[in-house]
There are 2 protein chains.
Amino acid sequence: MGSAVTARDLARQLGVSQSMVSRAFDPAASVAPAMRARILEAAAAANYRPNGIAAALTRRRSRIVGLVMGELQNPFYPAVLEQMTLALQAAGFEALLLTVPPGQQADACLPRLRQYQVDAVVLTSASLSSAGAAHWLGDGRAAVLFNRTASGPTPLDSVACDNAGGARLAAEALLEAGRQELVFVAGRPDTSTSQERERGFLSAFAARGLRAPRRIAAGDFSYEAGHRAALQAGGADGIFFANDILALGGMDALRHAAGRRVPQDVAVLGFDDIPMAGWPGYALTTLRQPVAAMIAATIEILQARLEGDPQPARALRLPAELVPRGSFLPAG
Amino acid sequence: MGSAVTARDLARQLGVSQSMVSRAFDPAASVAPAMRARILEAAAAANYRPNGIAAALTRRRSRIVGLVMGELQNPFYPAVLEQMTLALQAAGFEALLLTVPPGQQADACLPRLRQYQVDAVVLTSASLSSAGAAHWLGDGRAAVLFNRTASGPTPLDSVACDNAGGARLAAEALLEAGRQELVFVAGRPDTSTSQERERGFLSAFAARGLRAPRRIAAGDFSYEAGHRAALQAGGADGIFFANDILALGGMDALRHAAGRRVPQDVAVLGFDDIPMAGWPGYALTTLRQPVAAMIAATIEILQARLEGDPQPARALRLPAELVPRGSFLPAG
DNA sequence: AGGGCTTTTGCATCCGTATGCAATCACAGC
DNA sequence: GCTGTGATTGCATACGGATGCAAAAGCCCT
């Protein structure tokens, strides 16, 4: 603390000005190569690193990105969080993690984020009101919705996977396998993921002139909700759950409570491809989200926006991939 | 950005000095009640909040706590992360999330944490070298190991659950139930959790003058490792896994690959009580870590240290609780 | 050698807030 | 009404670095 070396200390020690120390750390600054080398060497020796807080103050850019997470109990997100943090670090940002207190709107986090001069926000789970978004963006800060899409017209960029397309794949595979009585289990109704997956699933039926499959509302994206939903599925021979965690709960219900065999009696499909989907006890056939690509895209968009990219907001969609496992083996 | 209201703006508008605005936000400062009310009201109207970055600069305290996480793929940690973030927020801190790139020492994160003037660090999974710890603490910053204990003599505080005691409970329950051929499955060997759980498990045997149970090294704390380990368990009639995720992999192996019934043929116990342990498909009997209490203790220690508490480092242990489920029903 | 240029460097100042210190004010006691 | 005392307030400066601007130093050419 008192022992922390400052740019001034280093400058004095080297007999140069503090500005030069500052510039030596800015690759874009014009500094004689010899001088830069001398400074960086001395800095390394003294264990000096520019104070990020002070830099943030003058630059009006903190290089901190707020990560607003909810639903951390959905096993899809920990992996996202881990990779996102690493990717942000690699891009030169730090990640400030905010958890939305259950039931709250993400808008509640904005004041705290502004207070810490966060450059950008990545929102998963929770979304922003368009008023909140407009306010935030108006300040020259960036925001990206991850695995989510804004409902109304919005100035927010979003990155998600092609939920509808993935769900259509699920429906087509089930239909081609000759499954007759299909069911869709919806998750949290106010999420774009659940809505889009439902829409995509239905679209395959419409395209073939079939009547829409039965729909069960699980209420939210939890194991327990999936469990309950599956018990209402009656004699369905194919169930597409809005995400994996629902599907796992559903499979357990089907097998242990309803006494039905998966996949012989009933095929089960999920969405996300969380680690547990691959466990032999479940072997859940599912649609894999291209997480790595989604994260890369997110960061690219953030950086572009921070550099002032004036494009209108985009809703980027990356394709989901069907991962066949034991809970349903597609024909062919 | 340009539109951000500063304390000066507000002060000018109110015809007072900037200092008064600053003080109005400091509950300990002496400000006439009427003045404070007037300022806070105007602040609210103007949507003003003190710039945390600037405050951090003058205060030499950022009110940011670094959270160094690893093993985010272990479902025990997401819950910890979520609660920890909420608790830190409630205590007036922000959480900066750092992921240790796989295989790296947490020391690698310290420079970045210093750079952002983080007040304190909470380390889960990864640990600090004692040199790194000494350096960090010497700077007036705090650090706490969570769910981990330092191996050698160390100046680091730690909060964990009583792993040895919990493991002893597991052993005693198995022995009292008359299980004869017991096995301990170790996790990552260099973690205090695995070591202590093993030690505690063995101690129950020693106390009864029984020879030590068999030991299988899973290698790390993953589902797959647990799966592999269980296949080596032969005719064991009771297996205590160093944590839940190992136990789940083990149960699947026992049931689906080894064709053994749980709990009739073999009792299975885990440690942590992750959400999946409660799923009906597993119904894993396990030792619950008192996560909420551990987090509260962690924050309490952090705060005390930041206020200069000179106590020697403590290793706090909170008791684990046996949660009986279907994978092993203790006698009585 | 001198002029016109391009790099390098240093000087000052600013970012937005906190805080020690001195000035001011309010109010009680006499 | 005047002085003493404590509560309020304003002033000035510091925190650690970034950066516009001008001064200084090279450099190339005629």
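Numbers restart at 1 for each chain; the letters A, B, ... are given by sequence-line order, proteins then strands.
- Phe25(B) comes within contact range of no nucleotide atom at all, as no heavy-atom separation falls under 4.0 Å.
- In this model, a side-chain donor or acceptor of Arg23(A) finds a partner on the base of dG10(C) within 3.5 Å.
- Classification of Glu307(A) and Arg61(A) as a salt-bridged pair fails, no side-chain N sitting under 4.0 Å from a carboxylate O.
- If you check the side chains of Tyr77(B) and Asn147(B), you find a donor sitting under 3.5 Å from an acceptor.
- Counting to the nearest Å, the P atom of dG10(C) and the CE atom of Met35(A) are 6 Å from each other.
- Rounded to an integer number of Å, the gap from CZ of Arg114(B) to P of dG17(D) is 13 Å.
- Cation-pi contact between Arg63(A) and Phe93(A): present, with separation from the ring centre below 6.0 Å and deviation from the ring axis of at most 45°.
- Val16(A) comes within contact range of the sugar-phosphate backbone alone, with a heavy-atom separation under 4.0 Å but no base atom that close.
- In this structure, a donor-acceptor pair under 3.5 Å is absent between the side chains of Arg317(B) and Ser158(B).
- Rounded to whole Å, atom P of dG17(D) lies 17 Å from atom CZ of Arg63(A).
- Side-chain nitrogen and oxygen atoms of Thr58(A) include none within less than 4.0 Å of the OP1 or OP2 phosphate oxygen of dG17(D).
- The residue Val21(B) sits apart from the nucleic acid: no heavy atom pair falls under 4.0 Å.
- Residue Ser22(A) has a polar side-chain atom (N or O) positioned under 4.0 Å from OP1 or OP2 of dA18(D).
- When each of Gln117(B) and Ser17(B) is assigned the nucleotide of DNA chain D bearing its nearest heavy atom, the one mapping closer to the 5' terminus is Ser17(B).
- Rounded to an integer number of Å, the gap from CG of Asp9(A) to P of dG17(D) is 8 Å.
- When heavy atoms are screened at a 4.0 angstrom cut-off, Ser19(B) is found touching base atoms of the nucleic acid.
- Side-chain atoms of Arg305(A) come within 3.5 Å of backbone atoms of Gln311(A) as a donor-acceptor pair (strictly under, hydrogens ignored).
- In this structure, Asp26(A) places its CG atom 14 Å from P of dT9(C), rounding to the nearest Å.
- Across dT9(C), dA18(C), dT8(D), the shortest atom-to-atom separation from the side chain of Gln18(B) is found for dA18(C).
- A close approach under 4.0 Å does not occur between any side-chain nitrogen or oxygen of Tyr116(A) and OP1 or OP2 of dG16(C).
- Distance Arg12(B) CZ to dT17(C) P: 12 Å, rounded to the nearest Å.
- With hydrogens and angles left out, the side chain of Arg8(B) and the base of dT17(C) share a donor-acceptor pair within 3.5 Å.
- At a cut-off of 3.5 angstrom, the base of dG17(D) holds no donor-acceptor pair with the side chain of Arg59(A).
- Following rounding to the nearest Å, Arg38(B) (CZ) and dT9(D) (C1') show an atom-to-atom distance of 12 Å.
- The base of dG16(C) is not paired with the side chain of Arg60(A) by any donor and acceptor separated by under 3.5 Å.
- Of all nucleotides listed (dT8(C), dG16(D), dT8(D)), dG16(D) comes nearest to the side chain of Asn51(A).
- No hydrogens or angles considered: a donor-acceptor pair under 3.5 Å links the side chains of Gln89(B) and Arg112(A).
- Regarding Arg36(B), its CZ atom lies at a distance of 14 Å from the P atom of dA7(D), rounded to whole Å.
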